[in-house]
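Every chain is numbered from 1, with letters handed out A, B, ... down the list of sequences.
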Amino acid sequence: MRIATWNINSLRARTGILAQLVRERAPDVICLQETKVEDDLFPHGLFDELGYAHRVINGIRNYHGVALVSRLPFSDCGRRDWCDKVDGRHVHATVEGVDIHSVYVPAGGDIPDPLENEKFAHKLAFMSAKTAWWAAQRDDGVPRILLGDLNVAPLETDVWSHKQLMNVVSHTPIEIEHLLAWQQAGGWIDAVRHLVPDDRKIYSWWSYRAKDWRAADRGRRLDHAWVTSALTPALGGCEIMKDARDWTRPSDHVPVLIDLKL
DNA sequence: ATGGTTGGGGTCCAA
């Protein structure tokens with residue numbers, strides 16, 4: 001089973017390159033973040049045409065929004081809200097016995113101080129809530145995979161410059177502490193780093209604001225796939241589709257793909 | 001230190 005995760009930065013603005021992902025990689029399951037479309041306006045027809053008949057969506061007007069679409073049927077699915085907000089950040093479905101989650105962590109604003117910046121406080125609270133929720137499910141033996149835009153680049157090799165980004169939201173010590181606490185509490189294994197050595201720089205996001213994103217290569221690895229230990233032996237491969245950053249009207253994030261040998 | 005770009009919905013906010 002091939003699973004893709006992609007912060008698509010508006011589903012309706014990217015129908016062409018969504019079809020391109022399907023043509024080029026044919027994922028069985030696609031987890032999307034930043035769909036920017038409320039549920040009543042969700043483009044169901046597009047996914048019917050592409051062959052993704054099974055869908056669970058959690059979208060709001062204007063911002064955020066997540067979806068999980070599949071060619072294979074669900075045996076269960078649902079959506080969850082966090083931190084007393086209805087802001088479209090989590091959907092899940094069980095496919096081929098695997099519990100799959102599409103998650104969008106709050107970006108956190110510009111100032112990395114929870115006292116000065118409410119958005120940063122929300123980001124930390126969101127990760128703490130996830131930590132507690134998954135700690136309760138740790139060691140239940142369920143094959144589980146969590147994918148999405150987690151908006152944190154934890155390793156030094158997940159950013160173009162560790163020194164220059166240490167005080168920049170997405171790579172601050174407090175965010176990394178929260179992310180790793182969440183990962184450890186749930187018994188999660190970073191699937192991409194399980195397959196790619198830690199000393200190799202890998203990014204999934206490049207800002208729109210660079211004149212030449214490829215030449216500057218000031219990227220960050222914000223998009224992740226984590227698995228529980230029951231799934232580690234099934235990890236067959238991964239790909240970060242860097243070339244997608246040059247597709248027509250690209251998202252600033254590229255798809256991350258995981259292959260599971262079930 | 002600053003400003004750079006994108007999308008959505010409506011002339012500003014979130015990323």
Which atom pairs, one a donor and one an acceptor, fall under 3.5 Å between side chains of residues 125-133 of chain A and the rest of the protein, sequence neighbours left out?
residue: A/Ser128; atom: OG; partner: A/Leu124; partner atom: O; Å: 3.1
residue: A/Lys130; atom: NZ; partner: A/His90; partner atom: ND1; Å: 2.8
residue: A/Thr131; atom: OG1; partner: A/Met127; partner atom: O; Å: 2.7

Results of ring-ring contact (aromatic ring centres under 6.0 Å, His included) for A/His54 - residues two or more places apart only: none
Remaining members of hydrophobic cluster (4.5 Å side-chain criterion), A/Met166: none
Could you identify which residues cluster with A/Leu222, counting Ile, Leu, Val, Met, Phe, Trp and Tyr as linked when any side-chain heavy atoms lie under 4.5 Å apart, either directly or through a chain of such contacts? A/Trp205
For [N] versus [M], give the span between their [atom1] atoms, rounded off to a whole number of Å.
N: B/dG9; M: B/dA14; atom1: P; result: 14 Å
N: B/dG3; M: B/dA15; atom1: C1'; result: 16 Å
N: B/dT11; M: B/dG7; atom1: C1'; result: 15 Å

What one-letter contact string describes nucleotides 10-15 of chain B from 5' to 3', where B marks a base within less than 4.0 Å of any protein heavy atom, S marks contact via sugar-phosphate atoms alone, and - marks no contact? S--BSB
Whole angstrom value for the distance that separates C1' of B/dT6 from CD1 of A/Ile17: 12 Å
Rounded interatomic separation in angstrom, taking CH2 from A/Trp205 and C1' from B/dT6: 12 Å
Hey, what's the ring geometry for A/Trp226 with A/Trp182, parallel, tilted or perpendicular (30° and 60° as the breaks)? perpendicular
Taking only residues two or more places apart in sequence, or in another chain, which ones meet A/Pro173 in a side-chain contact (heavy atoms from CB on, under 4.5 Å)? none
Using a heavy-atom cut-off of under 4.0 Å over every strand shown, decide if A/Arg218 touches base, sugar-phosphate, or nothing. nothing
